[in-house]
> 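Sharing a structure, written as structure tokens. Questions coming.
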Amino acid sequence: MPDFKWISDPVEFEELVDELARADAYALDTEFHRERTYLPELAVVQLATRERIALVDALAVDVGPLRRALESEALCIMHAGSQDLEILDLVCGTVPKRMFDTQVAALFCGYRTSSLGKLVEGFLGVQLDKSAQLSDWTRRPLPEADLRYAASDVAHLLDLRAALASRLEERERLQWAQEEIEEQRIKDRSSADPDTLWWKLRGKTKLGGKARGVAQELAKWRDETARKQNRPARTVLSDMALLALSQRPARTAEQLRAVRNFDSRRFKHTGELLAAIRRGSELAPSALRRPPQKPENMPSVEGVIALCLAWLSQRAAQEDLDTSVLGTRDDVTRLVLRQPSRLSSGWRDSLVGCDLRSIIEGMAALGVNGTELELVHRVPS
């Protein structure tokens with residue numbers, strides 16, 4: 001394990017950022033908590049170049065200046081970076097201009113479960129100690145074991161990236177991985193429309209009539225309250241209580257006491273809650289935001305979808321890819337229904353999208369050859 005430096009001084013951090021911006025590449029990881037707050041709470045930022053490893057105390061240093069490095073031409077290397085990108089966008093207002101995600105790259109090398117430890121051991125022959133995964137990163141001072149664990153998350157990323165890129169080039173898949181990583185980099189991370197938050201409720205399909213309007217207003221009020229108080233939304237009002245109140249709207253504080261999974265004695269927002277219920281009950285039908293519905297012709301295309309999924313699954317196995325990486329049922333469904341689909345562009349289009357469109361348009365059929373499917377192209381009559 002290489003040496004590392006703990007940085008809690010703003011001036012020293014600024015110097016580090018300048019160094020990163022001048023580098024060809026650097027590794028980045030973050031340690032954060034989101035169990036107790038509305039927004040994720042950043043605690044530590046791990047950074048590494050070929051020359052050194054730095055652990056930045058995000059509780060003592062404003063991490064915002066890291067933006068200079070993110071916007072530079074230096075390649076930012078991460079592992080499973082989707083949540084790190086969310087954090088960077090939140091605290092720095094941007095994401096890396098250029099990036100490489102070792103987990104995504106590994107998917108194109110035939111890996112199904114690509115933990116950092118497994119990849120570092122498989123490609124570099126190094127075993128990582130992952131015993132500190134559940135540490136409280138807001139503690140100060142952090143134990144030495146936690147610091148070493150944090151440093152190990154970036155210590156080998158530059159070498160791992162080089163090994164993965166070499167393997168991808170051998171398999172002529174580097175461009176595939178880069179397309180997938182770029183899609184992750186530019187993903188829209190803006191907040192959801194407050195009026196659609198109720199779509200995330202598991203029991204929403206059981207709601208009908210005015211209950212949906214109440215659910216819409218309650219979910220919006222819950223989110224606004226959680227944001228103001230910087231606490232998880234479900235600690236303001238549980239999903240179960242929200243659904244119960246939607247189905248049987250309480251009109252008074254007395255009626256709230258009978259709601260399942262709702263402790264009215266500890267609840268401090270009774271007036272606001274009842275007002276949200278009232279707004280939802282009076283919501284005009286035109287103001288209700290309904291979840292997207294399945295197209296009416298879905299039953300008639302289920303057979304086509306099943307055929308396409310069978311061909312997609314076989315092609316994934318032939319290419320040594322996890323089926324979910326190549327395409328999902330939703331991707332196939334959207335293609336069958338002539339809607340925008342990931343299978344219509346980039347590497348997916350050339351690998352399987354063209355075949356699927358031929359099947360959908362009746363220009364090709366699937367036959368059975370022994371234990372495998374084969375694509376049979378029809379000659380137009």
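Only a predicted model underlies this, so the values are computations on that prediction, with no experimental measurement involved. Throughout, residue positions are numbered sequentially from 1 according to the sequence presented.
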> Any chance CD of Gln318 has more than 12 other-residue heavy atoms, nucleotides or ligands included, within less than 6.0 Å?
yes
> Distance-only, no hydrogens or angles: does the His156 side chain make a donor-acceptor pair with backbone N or O of Val120 under 3.5 Å?
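Answer holds: no.
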> Check Arg34 against Pro232 and note the closest heavy-atom contact, atom names and distance.
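Between these two residues, the closest heavy atoms are O-CG, 4.5 Å.
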> So how far is it from Leu237 CG to Arg234 CZ, rounded to the nearest 0.5 Å?
11.0 Å
> Where do Leu158 and Tyr26 come nearest, in terms of heavy atoms and distance?
CD1-C, 4.0 Å
> Taking it one step at a time, do Glu361 and Arg357 satisfy salt bridge (charged side-chain N to carboxylate O under 4.0 Å, His left out)?
CA-CA 6 Å; Glu361 294 166 5; Arg357 283 196 298 276; 5.1 Å; no
> For a quick test of reading the model, state the closest non-hydrogen atom pair linking Ala74 to Ala21 and the distance between them.
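Scanning both residues, the minimum pair turns out to be CB-O, 4.4 Å.
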> Looking only at non-hydrogen atoms, find the nearest pair between Asp29 and Glu31 and report the distance.
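What the structure gives for the nearest pair is OD2-OE2, 3.7 Å.
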> What do the steps show when you test Phe4 against Leu47 for side-chain contact (heavy atoms from CB on, under 4.5 Å), and what is the final call?
CA-CA 10 Å; Phe4 57 87; Leu47 297 157; over 6 Å; no
> Mind running salt bridge (charged side-chain N to carboxylate O under 4.0 Å, His left out) on Glu180 and Arg342 for me, showing each step along the way?
CA-CA 11 Å; Glu180 199 73 3; Arg342 294 191 304 167; 3.7 Å; yes
> CG/Leu168 to CG/Leu107 distance, rounded to the nearest 0.5 angstrom?
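CG of Leu107 is found 10.0 Å from CG of Leu168.
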> Are the side chains of Ser191 and Arg227 in touch, meaning some heavy atoms are under 4.5 Å apart?
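Result yes, sub-4.5 Å side-chain heavy-atom pair found.
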> Evaluate the side-chain proximity of Leu243 to Trp198: yes if any heavy-atom separation is below 4.5 Å, no if none is.
no
> What distance separates Leu20 CG from Phe13 CZ, expressed to the nearest 0.5 Å?
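So the CG of Leu20 and the CZ of Phe13 are separated by 8.0 Å.
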> Do Ile77 and Leu160 have side chains that approach each other closer than 4.5 Å (heavy atoms only, starting at C-beta)?
no
> Please check this pair: side chain of Arg98 against backbone of Glu73, looking for a donor-acceptor N/O pair closer than 3.5 Å.
yes
> Let me check something: do Tyr111 and Leu321 share a hydrophobic cluster, defined by ILVMFWY side-chain heavy atoms less than 4.5 Å apart, either directly or through other members?
yes
> Grouping I, L, V, M, F, W and Y whenever their side-chain heavy atoms are under 4.5 Å apart, do Met240 and Phe267 come out in a common cluster?
no
> Flag yes if more than 12 heavy atoms outside Glu144 fall under 6.0 Å of its CD atom; otherwise flag no.
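Atom CD in Glu144 is crowded, with more than 12 foreign heavy atoms closer than 6.0 Å.
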> List the residues meeting side chain to side chain contact (heavy atoms under 4.5 Å, CB included) with Asn369, not counting sequence neighbours, and say none if there are none.
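Testing Asn369 for side chain to side chain contact (heavy atoms under 4.5 Å, CB included), a comparison that skips the adjacent residues, returns Glu374.
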> Quick check: does any side chain N or O of Glu14 sit under 3.5 Å from a backbone N or O of Pro65, one acting as donor and the other as acceptor?
no
> Would the distance check show the side chain of Ser166 and the main-chain N or O of Ala162 forming a donor-acceptor pair, the cut-off being under 3.5 Å?
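It does not hold such a pair.
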> Between Arg289 (side chain only) and Asp195 (backbone N and O only), is there a donor and an acceptor less than 3.5 Å apart?
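Checking the backbone N and O of Asp195 against the side chain of Arg289, no donor-acceptor pair under 3.5 Å is found.
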> Tell me whether Lys210 is salt-bridged to Glu217, with the criterion being a basic N under 4.0 Å from an acidic carboxylate O.
no
> Test of understanding: clusters of I, L, V, M, F, W, Y form through side-chain heavy atoms closer than 4.5 Å, transitively. Do Leu197 and Leu283 belong to the same one?
no
> Would you check if Glu272 and Glu224 make a side-chain contact, meaning some heavy-atom pair closer than 4.5 Å?
no
> Looking at Arg202, I want to see if its CZ is surrounded by more than 12 non-hydrogen atoms of other residues, nucleotides or ligands under 6.0 Å.
no
> Sub-3.5 Å donor-acceptor pair from the side chain of Ser341 to the main-chain atoms of Asp331, do we have one?
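Pair found, side chain donor or acceptor close to backbone of Asp331.
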> Could you state whether Leu356 and Val376 fall into the same hydrophobic cluster, counting links through intermediate Ile, Leu, Val, Met, Phe, Trp or Tyr residues with side-chain heavy atoms under 4.5 angstrom apart?
no
> For Arg348 and Val325, indicate whether the former's side chain and the latter's backbone hold a donor-acceptor pair under 3.5 Å.
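Looks like yes, one N/O pair under 3.5 Å.
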> Just wondering, more than 12 heavy atoms not from Asp24 lying within 6.0 Å of its CG?
no
> Under the 3.5 angstrom rule, does the side chain of Gln314 hit a backbone N or O of Leu373 as a donor-acceptor pair?
yes
> I'd like to know whether CZ of Arg189 has more than 12 heavy-atom contacts from other residues, nucleotides or ligands below 6.0 angstrom.
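Counting neighbours around CZ of Arg189, more than 12 heavy atoms of other residues, nucleotides or ligands fall under 6.0 Å, so yes.
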> After noting the C-alpha distance and the side-chain angles of Lys118 and Glu121, does the key distance pass the salt bridge (charged side-chain N to carboxylate O under 4.0 Å, His left out) rule?
CA-CA 5 Å; Lys118 183 175 181 179; Glu121 184 174 1; over 6 Å; no
> Over 60° means perpendicular and under 30° means parallel, so tell me whether Tyr149 and Trp137 are parallel, tilted or perpendicular.
parallel
> Do you see a donor-acceptor pair shorter than 3.5 Å between the side chains of Asp84 and Thr30?
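Per modelled atom types, Asp84 and Thr30 side chains form a pair under 3.5 Å.
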> Locate the shortest heavy-atom distance separating Leu42 from Ala58; write the atom from each residue and the value.
CG-CB, 3.7 Å
> Apply side-chain contact (heavy atoms from CB on, under 4.5 Å) to the pair Leu28 and Leu88, showing each step before the final yes or no.
CA-CA 10 Å; Leu28 182 149; Leu88 293 174; 4.1 Å; yes
> Determine, step by step, whether Trp176 and Glu319 satisfy the side-chain contact (heavy atoms from CB on, under 4.5 Å) criterion, reporting the C-alpha distance in whole Å, the side-chain angles of both residues, the deciding distance to 0.1 Å, and the verdict.
CA-CA 12 Å; Trp176 294 6; Glu319 295 293 335; 4.3 Å; yes
> Side chains of Ile87 and Val63: closer than 4.5 Å at any heavy-atom pair?
no
> If you take all heavy atoms of Leu207 and Ala211, which pair is closest and at what distance?
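Closest heavy-atom pair between Leu207 and Ala211: CD2-CB, 4.1 Å.
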> Evaluate the side-chain proximity of His33 to Asp136: yes if any heavy-atom separation is below 4.5 Å, no if none is.
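They are in side-chain contact.
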> Looking at CG of Asp101 and CZ of Arg161, how far apart are the two atoms once the value is rounded to the nearest 0.5 Å?
12.5 Å
> Near Arg112 CZ, under 6.0 Å, is it more than 12 heavy atoms from other residues, nucleotides or ligands?
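More than 12 within 6.0 Å, yes.
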> Determine, stepwise, if the pair Arg140 / Leu59 fulfils side-chain contact (heavy atoms from CB on, under 4.5 Å).
CA-CA 9 Å; Arg140 295 295 183 270; Leu59 302 182; 3.5 Å; yes
> Check for a donor-acceptor pair, side chain of Ser313 on one end and backbone N or O of Leu309 on the other, with a separation under 3.5 Å.
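Not a single qualifying donor-acceptor pair exists.
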> Identify which one of Lys204, Arg222, Arg260 satisfies the salt bridge (Lys or Arg N to Asp or Glu O under 4.0 Å) criterion when paired with Asp239.
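Answer after filtering Lys204, Arg222, Arg260: Arg222.
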> What verdict does the side chain to side chain donor-acceptor pair (under 3.5 Å) test give for Thr333 and Asp330, after you've listed the backbone C-alpha separation in whole Å, the side-chain angles of each residue and the deciding distance to 0.1 Å?
CA-CA 5 Å; Thr333 300; Asp330 182 62; 5.7 Å; no
> Distance to the ring centre below 6.0 angstrom and angle to the axis at most 45 degrees; does that hold for Arg173 and Phe108?
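Pair Arg173/Phe108 does not count as cation-pi.
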> Would you call Arg185 and Glu182 a side-chain contact if the rule is heavy atoms closer than 4.5 Å?
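Counting from C-beta outward, Arg185 and Glu182 do come under 4.5 Å.
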> May I ask you to decide if Pro291's main-chain N or O and Gln293's side chain share a donor-acceptor pair within less than 3.5 Å?
yes
> State which residue, out of Leu85, Thr102, Val154, fulfils the side-chain contact (heavy atoms from CB on, under 4.5 Å) condition with Met78.
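Going through Leu85, Thr102, Val154 one by one, the side-chain contact (heavy atoms from CB on, under 4.5 Å) with Met78 is satisfied by Leu85 alone.
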> Any non-hydrogen side-chain atom of Leu66 less than 4.5 Å from a side-chain atom of Val91?
no
> Does Val304 belong to the same Ile/Leu/Val/Met/Phe/Trp/Tyr cluster as Val368, with side-chain heavy atoms less than 4.5 Å apart forming each link?
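Shared cluster, yes.
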